[in-house]
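Computed over heavy atoms, backbone and side chain alike; hydrogens, waters and symmetry mates excluded. Residues take their numbers from the sequence shown, with the count starting at 1.
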Amino acid sequence: MALLFAGTDPESGGGNCPAVWVDTDMEQPELVLQGWTAGEVMRATCAADSPPAENETVIRIPARMVPLIRKACDAAERAGSPKL
């Protein structure tokens with residue numbers, strides 16, 4: 001498995017915190033997110049718009065991680081581009 005580590009929550013203090021990776025082993029690269037488990041009310045609210053499948057869950061990621069998510073998105077796009 002080829003995971004590119006983008007980073008962790010900059011305010012977490014390290015260890016066991018929200019994090020972002022890019023899985024480049026997929027035909028189309030995917031983002032891998034580690035976050036806090038959403039509470040029952042949040043999961044129900046999200047399910048009203050998009051009920052999760054059996055293998056899905058709702059997680060929370062702090063907005064301060066947007067730069068890391070952008071970094072991961074850029075890496076995923078580069079990994080998915082045809083090689084020259």
Has Q34 got a side-chain atom pairing as donor or acceptor with C17's backbone, closer than 3.5 angstrom?
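Yes, Q34 side chain to C17 backbone: donor-acceptor pair under 3.5 Å.
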Sub-3.5 Å donor-acceptor pair from the side chain of T24 to the main-chain atoms of A79, do we have one?
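It does not hold such a pair.
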Between L31 and V22, is a side-chain contact (heavy atoms from CB on, under 4.5 Å) present by the stated rule, with each step listed?
CA-CA 5 Å; L31 298 183; V22 179; 4.0 Å; yes
Pair V66, L68 - check side-chain contact (heavy atoms from CB on, under 4.5 Å), show working.
CA-CA 5 Å; V66 166; L68 294 173; over 6 Å; no
Quick one: [atom1] on [X] to [atom2] on [Y], what's the gap to the nearest 0.5 Å?
X: I69; Y: D74; atom1: CD1; atom2: CG; value: 12.0 Å
X: I61; Y: L33; atom1: CD1; atom2: CG; value: 5.0 Å
X: D23; Y: L4; atom1: CG; atom2: CG; value: 8.5 Å

Under the salt bridge (charged side-chain N to carboxylate O under 4.0 Å, His left out) test, which residues partner R64, sequence neighbours left out?
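Counting only residues at least two positions away or on another chain, R64 forms a salt bridge (charged side-chain N to carboxylate O under 4.0 Å, His left out) with D9, E11.
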When you group the ILVMFWY residues by side-chain heavy-atom contacts below 4.5 Å and let the links chain together, are V32 and I59 in the same group?
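Hydrophobic grouping puts I59 apart from V32.
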Scan residues 20-58 for pairs that pass ring pair (Phe, Tyr, Trp, His ring centres under 6.0 Å), counting only residues two or more places apart or in two chains.
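Found F5-W21.
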All pairs passing salt bridge (Lys or Arg N to Asp or Glu O under 4.0 Å) where residues 37-62 contributes a residue, at least two apart:
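The answer is none; no pair qualifies.
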Taking every non-hydrogen atom, the tightest pair across P18 and M65:
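Looks like CB-SD, 3.4 Å.
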